[in-house]
Chemist: 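My questions all concern the structure below.
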Amino acid sequence: MAWVRACGVGEIDPGEAVRVEADPPVAVFNVDGEFLATADTCTHAESPLSDGYISGYEVECAWHFAKFCLRTGKALTLPATTGLATYATRVEDDTVFVDI
Ligand code: FES
């Protein structure tokens with residue numbers, strides 16, 4: 001495990017996400033000022049979830065519209081049946097870090 005800089009706090013607006021080029025890639029979401037991180041790759045067919053549609057604590061995949069919980073990573077709707085890895089985040093000096 002290692003804390004990696006994801007982005008500046010001001011670089012993700014609420015309701016948006018950024019992709020962190022890690023291995024595997026990570027998506028960091030801003031939910032009303034709370035930063036949550038999951039695997040970026042959809043478990044159905046590998047669409048980047050940082051390009052998905054965010055609504056509250058859910059992200060909907062842009063390709064086939066599976067939904068995932070951003071807090072638990074759980075797959076909420078088909079066609080995804082496997083959940084996402086989730087990662088801890090912390091904010092320090094206006095920077096968002098993710099533990100990958
Ligand atoms: S790639 Fe995400 S639902 Fe198909």
Side-chain angles (χ1 to χ4, degrees):
M1 293 198 304
W3 289 98
V4 171
R5 182 190 188 279
C7 60
V9 167
E11 292 174 45
I12 324 179
D13 288 332
E16 301 287 334
V18 296
R19 175 181 169 99
V20 179
E21 296 296 344
D23 184 22
V26 171
V28 178
F29 301 86
N30 179 341
V31 179
D32 292 332
E34 180 181 355
F35 295 96
L36 298 146
T38 70
D40 189 40
T41 305
C42 182
T43 57
H44 175 241
E46 304 195 354
S47 174
L49 292 168
S50 52
D51 289 344
Y53 309 108
I54 300 156
S55 177
Y57 285 99
E58 294 179 10
V59 62
E60 183 178 45
C61 179
W63 284 9
H64 313 108
F65 313 116
K67 291 183 181 177
F68 297 90
C69 175
L70 295 178
R71 287 194 272 217
T72 65
K74 185 177 177 187
L76 301 174
T77 63
L78 294 173
T81 56
T82 302
L84 302 166
T86 59
Y87 305 91
T89 65
R90 69 178 163 90
V91 175
E92 192 175 306
D93 297 332
D94 287 331
T95 301
V96 182
F97 292 88
V98 59
D99 189 11
I100 57 178

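Ligands are counted one by one from 1 in listed order, and the atoms in each one are counted from 1 as well. Note that the structure is predicted; figures quoted are calculated from it, not measured. Atom set for the values below is all heavy atoms of this structure, side chains included, hydrogens, waters and symmetry mates excluded.
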Chemist: Around atom CD of E46, are there more than 12 heavy atoms of other residues, nucleotides or ligands at under 6.0 Å?
Modeler: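 It does not: E46 CD has 12 such atoms or fewer within range.
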Chemist: What pairs with Y53 under side chain to side chain donor-acceptor pair (under 3.5 Å), at least two apart in sequence or on another chain?
Modeler: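 Y53: no side chain to side chain donor-acceptor pair (under 3.5 Å) contacts found.
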Chemist: Donor-acceptor pairs are to be reported for all side-chain atoms of residues 70-80 against protein atoms at under 3.5 Å, with residues two or more places apart or in another chain.
Modeler:
residue : atom : partner : partner atom : Å
T72     : OG1  : K74     : N            : 3.1
T77     : OG1  : K67     : N            : 2.8

Chemist: Can you list everything that forms a side chain to side chain donor-acceptor pair (under 3.5 Å) with S50? Sequence neighbours excluded, please.
Modeler: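 For S50 the side chain to side chain donor-acceptor pair (under 3.5 Å) partners, ignoring immediate neighbours, are D40.
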Chemist: Side chain of T43, backbone of T82: donor and acceptor closer than 3.5 Å?
Modeler: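 Yes, because the side chain of T43 sits within donor-acceptor range (under 3.5 Å) of the backbone of T82.
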Chemist: Examine distances only and state if a side-chain atom of T38 and a backbone atom of L84 form a donor-acceptor pair shorter than 3.5 Å.
Modeler: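 Side chain of T38 to backbone of L84: no pair is present.
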Chemist: Enumerate the protein N/O/S atoms at a distance below 2.8 Å from atom 2 (Fe) of ligand 1, ignoring waters.
Modeler: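 Under 2.8 Å from atom 2 (Fe) of ligand 1 - ignoring waters, which are not counted - the protein N, O or S atoms are C42 SG, C61 SG.
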